[in-house]
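These notes concern the structure reproduced below.
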Amino acid sequence: MENKSKQIAVLTSGGDAPGMNAAIRAVVRTGIDKGWSVCGVRHGYAGLIDGDFVGLGARSVGGIIQQGGTILGSSRCPEFKTEEGRLKAVNNLRHQGIDALVVIGGGGSQTGAYELSRLDYPVVGVASTIDNDLYGTDISIGVDTALNIALEAIDRLKTTASAHHRAFVVEVMGRDCGYLALMAGIAGGAEFVVIPEMETDPETVARRLRFDYRKGKAHALVVVAEGANYNAQRLHQYFLEHKERLGFELRVTIIGHVQRGGAPSAFDRLLATRLAATATECLARGESGVMVGLINGRTATTPLAEIATGKKELDLSLLDLARSLNK
Ligand code: ADP
Ligand code: F6P
């Protein structure tokens, strides 16, 4: 986008993530700093299709850096997956005189951004999802906060588990990705981690927990990713059905959406601010059709075409690390 173009828009899409507000704030304020006007789109791609725009000034984004959620609202919008929906969206953007769009969101949202760029509309993505499954970035906005929330729950569960010599299974979010579960398992000192990238059967879990119990452990904690074949509910069910033979039951805690709520950590505020500021920098130098992420500690852009097709691999050597730490 050349600097004669003066209006940009920003939206948040998909699952909200702590730090999205810090990203909105940085888009608005760095945009204003460049002499542009900035508007927000309410409720993600749904607002783009409905033409739901709101002007944002420096003051409208005051006091939000520490807030979870997103002041613009977010949505899952099936209509945007259709060509017709996207054409409506681009028409609305052009009709409003908006020259470029910043999309803050996860993998689905960035695929949507790619589709917009294929319609010749200038768009820059900002990596934001608690799942950390997004290609083109080492870490996304919201991951650090979500991980810390999961850890707090695990730490608390361990104390009550120890008091009663009980076995617990804790399920964390992550969609089809085991990143949050694996990291929470390592940082929380779990006895066992179950992730979709390396499926496990309940008998293996039971054997491991019995082994740990015989070693004299006061508690046993399994962290399971929601996307694993044997998620918390299925593990629980299996242990109930085989209670007599296995000799113990598993108590279940599903952390769920709690992981997406609350104040973003310092890391997420800083990450969001850096990625969003880089997004407006991209637009200022005429670069679009890319997503901004963090690679090797530096902000970096990757073409949206690669983001839409690339698969982020989980480092499975960390699963071996988790196993080797359980003694
Ligand atoms: P996230 O961005 O957190 O991964 P979703 O996968 O739900 O969340 O995607 C958010 C939104 O992005 C979807 O509701 C839809 O509007 C849009 N989207 C997802 N996939 C596509 C696609 N293949 N083409 C166009 N838009 C898409
Ligand atoms: O992508 C973020 C995420 O929280 C996933 O971890 C989870 O599977 C999904 O969104 C839940 O979606 P919803 O909030 O629509 O129930």
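Both ligands and their constituent atoms are indexed starting at 1 by order of listing. From a predicted model like this one, the values you see are computed outputs, not experimental measurements.
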Would you check ligand 1 and list the protein residues that come within less than 4.0 Å of it by any heavy atom, ordered by chain and number?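 For ligand 1, the residues that come within the 4.0 Å heavy-atom cutoff are Ser13, Gly14, Gly15, Tyr45, Arg76, Cys77, Phe80, Lys81, Arg86, Gly106, Gly107, Gly108, Ser109, Thr111, Gly112, Glu115, Arg175.
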Between [Y] and [X], is there a side-chain donor-acceptor contact under 3.5 Å, judged purely by atom types and distance?
X	Y	value
Asp268	Thr145	yes
Glu241	Gln237	yes
Glu203	Tyr238	yes
Asp33	Thr30	no

Does Lys88 come within less than 4.0 Å of Glu84, counting only side-chain N to carboxylate O?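 The answer is no: the pair does not qualify as a salt bridge.
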Run the salt-bridge test on Lys81 and Glu115 with the 4.0 Å N-O cut-off and return the result as yes or no.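 Salt bridge: no.
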Name the closest protein heavy atom to atom 4 (O) of ligand 2, giving the residue it belongs to and the distance to 0.1 Å.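 Sorting protein heavy atoms by distance from atom 4 (O) of ligand 2 puts Arg260 NH1, 2.7 Å first.
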Measure the distance from atom 1 (O) of ligand 2 to every protein heavy atom, then report the residue, atom name and distance (to 0.1 Å) of the closest one.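 Closest protein heavy atom to atom 1 (O) of ligand 2: Asp131 OD2, 2.7 Å.
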Is there a nitrogen or oxygen of Gly15 sitting under 3.5 Å from a nitrogen or oxygen of ligand 2?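 It does not: no N or O of Gly15 is found under 3.5 Å from an N or O of ligand 2.
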Dump the intermediate steps for side chain to side chain contact (heavy atoms under 4.5 Å, CB included) on Leu72 and Met20, then the final yes or no. CA-CA 9 Å; Leu72 291 173; Met20 276 184 162; over 6 Å; no
Find all atoms of ligand 2 within a distance of less than 4.0 Å from any non-hydrogen atom belonging to [X], and give their numbers and elements.
X	value
Arg76	9 (C), 10 (O), 11 (C), 12 (O), 13 (P), 14 (O), 15 (O)
Glu226	5 (C), 6 (O), 7 (C), 8 (O)
Arg175	5 (C), 6 (O), 8 (O)

Just to check, does Gly174 reach to within less than 4.0 Å of ligand 2 when the distance is taken from its heavy atoms?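 Contact present.
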Looking only at heavy atoms, is any part of Gln259 under 4.0 Å from ligand 2, and if so is it the side chain, the backbone, or both, or is it neither?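 Answer for Gln259: neither.
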For Gly73, is there any backbone N or O sitting under 3.5 Å from a side-chain donor or acceptor partner on Arg42?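 The answer is no, because no donor-acceptor pair under 3.5 Å joins these two groups.
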Applying side chain to side chain contact (heavy atoms under 4.5 Å, CB included), run through Lys217 and Ser162 and close with a yes or a no. CA-CA 8 Å; Lys217 285 204 170 194; Ser162 295; over 6 Å; no
If you count every heavy atom of other residues, nucleotides or ligands that lies below 6.0 Å from Arg298 atom CZ, does the total exceed 12?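 Not buried by this count: 12 neighbours or fewer within 6.0 Å.
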